[in-house]
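Comments concern the structure below.
Owing to the predicted nature of the structure, the values given are computational and were not obtained by experimental measurement.
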Amino acid sequence: MAAAGQARELLAQLDEALAFEGPTREELEAELPAKVLVEHAVDTRKKQKWMCSQLHVVKFLLEFLDQRDSAPFDQKTTEAAVRNEMMQAKQQWKELKAGYQQQVVAIEGAVPRVLAQLEKGQHLAQRLKEALARYEAQEQLEERKQQLEEQAALLRSRVQAQRQELHRLQGELQSQECVASGWREKVERTSALCQLLETLQGVRVVSASADEIDVELTPGPQQTTPNPQPATPDPQLLRFTLCWAEDGSIRVQSHSPLFPLPRPCADVRGTVLELQQSYGQLAPLLAEIQALQTRFSIDWQPQEHQLRFLQPSAIWTLAVEPGYPVWGRVRLLAVQGQRGPGDPGAWKPPQETPSLRDWLEYLSTLDI
């Protein structure tokens with residue numbers, strides 16, 4: 001800024017130094033040759049010299065007339081005075097002419113130098129103006145650049161703030177998506193359960209929570225056995241719990257130790273249908289076993305589908321075929337007495353198709 005001020009002040013001084021009066025400056029701006037200017041000055045000097053001589057003549061005549069009117073006329077004195085004055089006037093004229101010639105020579109010698117200096121000064125002034133214009137343009141460019149950098153920094157800070165806000169919103173969105181996913185899974189499970197309850201009979205929901213549900217199954221109408229059996233108590237309700245793991249899989253927990261749990265399916269409906277079907281087939285057997293447990297010392301193994309009858313003298317293992325008591329049968333699988341294993345084919349109840357009760361009543365009469 002200080003350099004720009006000094007340049008402007010120097011330029012003003014240079015313009016002032018190069019300034020001339022109106023006509024002379026216009027002639028110089030027209031760039032007239034030095035010879036023309038010199039001839040003009042010489043012609044002007046001649047005219048001034050001629051006018052000066054005429055003024056001297058007029059002055060002489062006026063003085064002569066005054067002396068004639070005021071004093072006696074002395075012709076000799078007057079002629080001598082006139083000659084004397086003429087000599088003085090000539091002498092002055094010579095001196096003036098010599099001075100004029102000196103001035104003309106000086107002017108002729110100074111005009112080219114002055115014109116050269118004037119041209120140089122004008123050239124320097126033009127260069128200074130151009131440099132000042134470039135400096136001002138550069139200064140404006142620097143100011144604009146600084147403004148743009150400040151705006152860019154402000155925009156970067158805003159973009160960074162917006163990016164952080166976006167990250168925060170994305171985190172919240174992911175969190176909400178997780179919550180929504182959990183709710184969707186719960187809604188899907190609830191919807192599947194509602195659809196299941198609408199289509200199934202003999203299913204009752206005991207309790208429900210976000211991660212598990214307790215259900216009771218009632219067996220359907222029992223088929224008639226080929227051989228009439230003694231009256232047995234009605235099958236009890238089967239209660240089980242469906243649990244949902246974090247990966248969405250289903251795990252089944254049974255509240256009855258006599259019921260073997262089937263492999264769970266991928267959805268609630270399939271799992272409940274499988275449990276209902278399995279329990280419907282096993283319900284008569286389980287009801288009979290529960291009734292026999294009050295009379296006999298028996299141990300039911302649901303996975304092997306075997307029943308062990310415990311006596312002081314022997315341990316009898318009975319195999320119950322699938323579908324019992326409708327179409328499956330009961331057979332003696334193994335016997336372990338005090339004297340070692342026995343032949344299972346050596347013992348059989350008198351009935352043609354003995355039931356589980358028939359076998360236990362028959363075996364309880366034996367002592368091996």
Legend entry - R163/H167 under side-chain contact (heavy atoms from CB on, under 4.5 Å): CA gap, chis, key distance, verdict: CA-CA 6 Å; R163 187 173 296 142; H167 290 337; 3.6 Å; yes
Inset, instruction - Report, as yes or no, whether the 6.0 Å neighbourhood of atom CD on E119 holds more than 12 heavy atoms from other residues, nucleotides or ligands. - result: no
Legend entry - Residue Q160 excluded, over 12 heavy atoms near CD under 6.0 Å: yes
Legend entry - Any donor-acceptor N/O pair, S181 side chain to E177 backbone, under 3.5 Å: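 Not at all, since once roles are kept as given, no pair shorter than 3.5 Å links the two residues.
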Report the distance from atom [atom1] of [X] to atom [atom2] of [Y], rounding to the nearest 0.5 Å.
| X | Y | atom1 | atom2 | result |
| --- | --- | --- | --- | --- |
| W347 | T365 | CH2 | OG1 | 12.0 Å |
| E143 | E136 | CD | CD | 10.5 Å |
| E95 | Q91 | CD | CD | 5.0 Å |
| Q311 | Q336 | CD | CD | 13.5 Å |
| Q122 | K129 | CD | NZ | 9.5 Å |
| Q290 | L285 | CD | CG | 10.0 Å |

What are the two closest non-hydrogen atoms of [X] and [Y], and how far apart are they?
| X | Y | result |
| --- | --- | --- |
| W327 | P322 | NE1-O, 3.6 Å |
| D343 | V335 | N-CG1, 4.2 Å |
| H305 | V320 | ND1-O, 2.5 Å |
| P325 | P284 | CD-CB, 3.7 Å |

Listed by chain and number, what are the side chain to side chain contact (heavy atoms under 4.5 Å, CB included) partners of [X], not counting sequence neighbours?
| X | value |
| --- | --- |
| E130 | Q126, R134 |
| P349 | Q351, P354, W359, Y362 |
| S175 | none |
| L333 | Q306, T317, A319, R331 |

Inset, instruction - Output the rest of the hydrophobic cluster of I315: all Ile, Leu, Val, Met, Phe, Trp and Tyr residues reachable through side-chain heavy-atom contacts under 4.5 Å, sorted by chain and number. - result: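 Result for I315 is L310.
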Legend entry - Step-by-step side-chain contact (heavy atoms from CB on, under 4.5 Å) determination, R308 to W316: CA-CA 6 Å; R308 300 178 65 190; W316 309 87; over 6 Å; no
Legend entry - Pairing residues for Q88 by the side chain to side chain donor-acceptor pair (under 3.5 Å) criterion, not counting sequence neighbours: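 Scan of Q88 (side chain to side chain donor-acceptor pair (under 3.5 Å), adjacent residues dropped) gives none.
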Inset, instruction - Kindly write out the residues that satisfy side chain to side chain donor-acceptor pair (under 3.5 Å) with Q170, not counting sequence neighbours, or none if the list is empty. - result: none
Does [X] have any salt bridge (Lys or Arg N to Asp or Glu O under 4.0 Å) partners at least two apart in sequence or in another chain, and if so, which?
| X | result |
| --- | --- |
| E361 | R295 |
| E172 | R168 |
| D214 | R239 |

Inset, instruction - Decide yes or no for L360 and L318: does some side-chain heavy atom of the first lie under 4.5 Å from some side-chain heavy atom of the second? - result: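 With C-beta onward as the side chain, the pair touches.
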Inset, instruction - Could you check if a side-chain atom of L154 sits within less than 4.5 angstrom of a side-chain atom of E150, using non-hydrogen atoms only? - result: no
Inset, instruction - Decide yes or no on side-chain contact (heavy atoms from CB on, under 4.5 Å) for L307 and L356, but give the supporting numbers first. - result: CA-CA 9 Å; L307 186 140; L356 189 58; 3.9 Å; yes
Legend entry - From CA spacing to verdict: side-chain contact (heavy atoms from CB on, under 4.5 Å), L332, K348: CA-CA 8 Å; L332 182 62; K348 183 180 180 181; over 6 Å; no
Inset, instruction - State which residues pass ring pair (Phe, Tyr, Trp, His ring centres under 6.0 Å) with F296; sequence neighbours excluded, sorted by chain then number. - result: F309
